[in-house]
Amino acid sequence: MEGKNEQRAGLLYGIGAYVMWGLVPLFWPLLKPSGAIEILAHRMVWSLGVVTIALLAVRRWAWIGELVRDRRKLALISVAAATITVNWGLYIWAVNNGQVVEASLGYFINPLVTIAMGVLLLGERLRPVQWVAVATGLAAVLVLAIGYGRPPWISLVLAFSFATYGLVKKKVNMGGLESLAAETAVLFVPALGFLLWLAATGKSTFTAGGTGHGFLLAATGIVTAIPLICFGAAAVRVPLSTLGLLQYLAPIFQFGLGVVYFKESMPPERWAGFALVWLALSLLTWDALRTARRNRALAVRLLATAAAAPATATPTPEGAAILPGDAAPLGGTTTPAPEAATTTGTEAPNPTQQKIT
């Protein structure tokens with residue numbers, strides 16, 4: 001019962017995190033007349049304050065000394081900070097300039113870009129269905145480019161910057177709260193310097209917009225941190241495959257807001273492009289669930305075989321034990337099923353890479 005309650009709580013945390021990320025386009029327009037770069041700088045500065053309070057609450061500080069002594073990890077954190085700066089800044093600009101639908105497309109195609117980067121940069125192998133999904137995603141981008149009269153550059157930059165961020169985060173291998181604290185610490189000095197420069201030149205809207213506007217800018221830290229904390233609580237309670245499916249809630253909400261609330265135009269060619277993207281993601285999700293189910297069945301069968309080994313093993317001249325119907329001696333290399341042999345780590349989208357901004 002306790003395990004079920006934990007999973008139920010984790011599911012609620014996960015839904016809460018992705019719904020908050022999906023509804024965040026409603027927040028950024030409230031910060032006008034602040035520009036995207038000023039909003040971004042406030043987000044960096046106030047986020048560090050919020051995560052510092054969170055770290056004080058959980059008393060997790062040992063990682064700081066380890067990080068400072070690891071130059072490679074520090075360099076990777078700096079790269080992560082740079083890529084998330086591009087992602088956050090462009091996303092805020094897109095929302096405040098009537099491009100919510102195109103921004104949502106970036107997070108729809110992000111899993112496809114992540115898979116493509118795994119093949120190109122990490123030498124991972126794809127299953128046939130994954131190749132079809134990636135090809136369908138490329139076709140969708142071409143359709144949208146023809147419809148727009150230009151490539152959907154907002155979507156592409158958001159998708160590639162976030163995929164790069166996810167790749168770097170995978171190599172850093174830090175917890176969500178600690179990683180956000182490190183990244184915002186890297187960004188804090190330049191962000192604060194920019195805000196001080198705006199104030200010195202009379203271009204800051206922090207005080208000029210009134211007390212309410214100042215509180216809204218300060219709230220960017222809470223808007224950034226709370227969904228991440230909920231996501232972290234979900235990640236330790238529910239399977240990764242569940243979080244992988246929940247991640248689509250955010251762009252779905254963003255897309256719905258763009259069409260229904262912000263009333264952005266959706267000509268036929270845009271609908272066609274989105275339909276192809278959704279088809280690609282459906283294929284990817286179906287293949288991920290099928291592969292996870294078969295891998296679980298394979299694991300159960302191997303465990304059952306190993307448990308029965310002492311009773312059924314027959315000694316061979318070399319001293320190895322062969323099980324009836326097996327092709328390899330125990331302790332040797334067993335050829336996995338075709339699905340397991342081609343597993344790339346992308347059979348379910350990695351939720352640690354899908355923190356929608």
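FYI, side chains are in, hydrogens and waters are out, and symmetry mates aren't considered; it's all heavy atoms of this structure.
Under the 3.5 Å distance criterion, the side-chain polar atoms of Glu102 are left unmatched by any main-chain donor or acceptor of Gln99. Between the side chain of Ser204 and the backbone N or O of Phe206, at least one donor-acceptor pair lies under 3.5 Å. Judged purely by atom type and a 3.5 angstrom limit, Arg270 has no side-chain atom pairing as donor or acceptor with the backbone of Leu144. No donor-acceptor distance shorter than 3.5 angstrom exists from the side chain of Asp287 to the backbone of Leu283, with no hydrogens or angles considered. At least one donor-acceptor pair closer than 3.5 Å links the side chain of Thr83 to the backbone N or O of Ala80. Looking only at distances, no side-chain donor or acceptor of Glu264 sits under 3.5 Å from a matching main-chain atom of Gly258.
Leu156 places a side-chain heavy atom less than 4.5 Å from the side chain of Ile109. With a 4.5 Å cut-off on side-chain heavy atoms, Arg43 and Glu38 do not count as touching. Side-chain contact between Ser161 and Leu90: absent, with no pair of heavy atoms (C-beta onward) separated by less than 4.5 Å. In this structure, the side chains of Val95 and Pro29 come closer than 4.5 Å at one or more pairs of heavy atoms. At a threshold of 4.5 Å between non-hydrogen side-chain atoms, the residues Met44 and Leu48 do not count as touching. Under the 4.5 Å side-chain criterion, counting only non-hydrogen atoms from C-beta, Val134 is not in contact with Val119. Residues Trp61 and Leu56 are in side-chain contact: their nearest non-hydrogen atoms beyond the backbone lie under 4.5 Å apart. Between Ile146 and Glu269, every side-chain heavy-atom pair lies at or beyond the 4.5 Å cut-off.
Checked against Ser47 for a side-chain contact (heavy atoms from CB on, under 4.5 Å), the options Thr184, Val223, Leu187 give a single hit: Thr184.
Relative orientation of the Tyr107 and Phe162 rings is perpendicular, given thresholds of 30° and 60° on the angle between their planes. Ring pair Phe274/Phe255 is tilted by interplanar angle, where 30° to 60° counts as tilted. Using bins of under 30°, 30° to 60° and over 60° for the plane-to-plane angle, the ring pair Trp46/His42 lands in the parallel bin.
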### Task
Could you give me the CA-CA distance, side-chain angles and deciding distance for Phe231 and Tyr13, then say whether side-chain contact (heavy atoms from CB on, under 4.5 Å) is met?
CA-CA 6 Å; Phe231 174 84; Tyr13 278 125; over 6 Å; no
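Here the two rings, on Tyr18 and Trp21, have centers that are under 6.0 Å apart.
In summary, the side chains of His213 and Thr207 do not present any donor paired with an acceptor at a separation below 3.5 Å, with no hydrogens or angles considered.
Nearest heavy-atom pair, Leu276 versus Ala140, reported as atom, atom and distance to 0.1 Å: CB-CB, 3.5 Å.
For Arg237, the salt bridge (charged side-chain N to carboxylate O under 4.0 Å, His left out) test picks out Glu6, with sequence neighbours left out.
Within a 6.0 Å sphere centred on CZ of Arg59, other residues, nucleotides and ligands contribute 12 heavy atoms or fewer. For Ile252, the CD1 atom sits in a packed shell: over 12 heavy atoms of surrounding residues, nucleotides or ligands are nearer than 6.0 Å. In Lys171, the NZ atom is not crowded: 12 or fewer heavy atoms of neighbouring residues, nucleotides or ligands sit closer than 6.0 Å.
A distance of 13.0 Å separates CH2 of Trp63 from CG of Asp70, quoted to the nearest 0.5 Å. Of the inter-residue distances, the one linking Ser34 atom OG with Trp28 atom CH2 reads 11.0 Å to the nearest 0.5 angstrom. Rounded to the nearest 0.5 angstrom, Met20 CE and Ile226 CD1 are separated by 6.5 Å. How far CH2 of Trp131 is from CD1 of Ile115: 10.5 Å, rounded to the nearest 0.5 Å. A distance of 5.5 Å separates CG in Leu158 from CG in Asn87, rounded to the nearest 0.5 Å.
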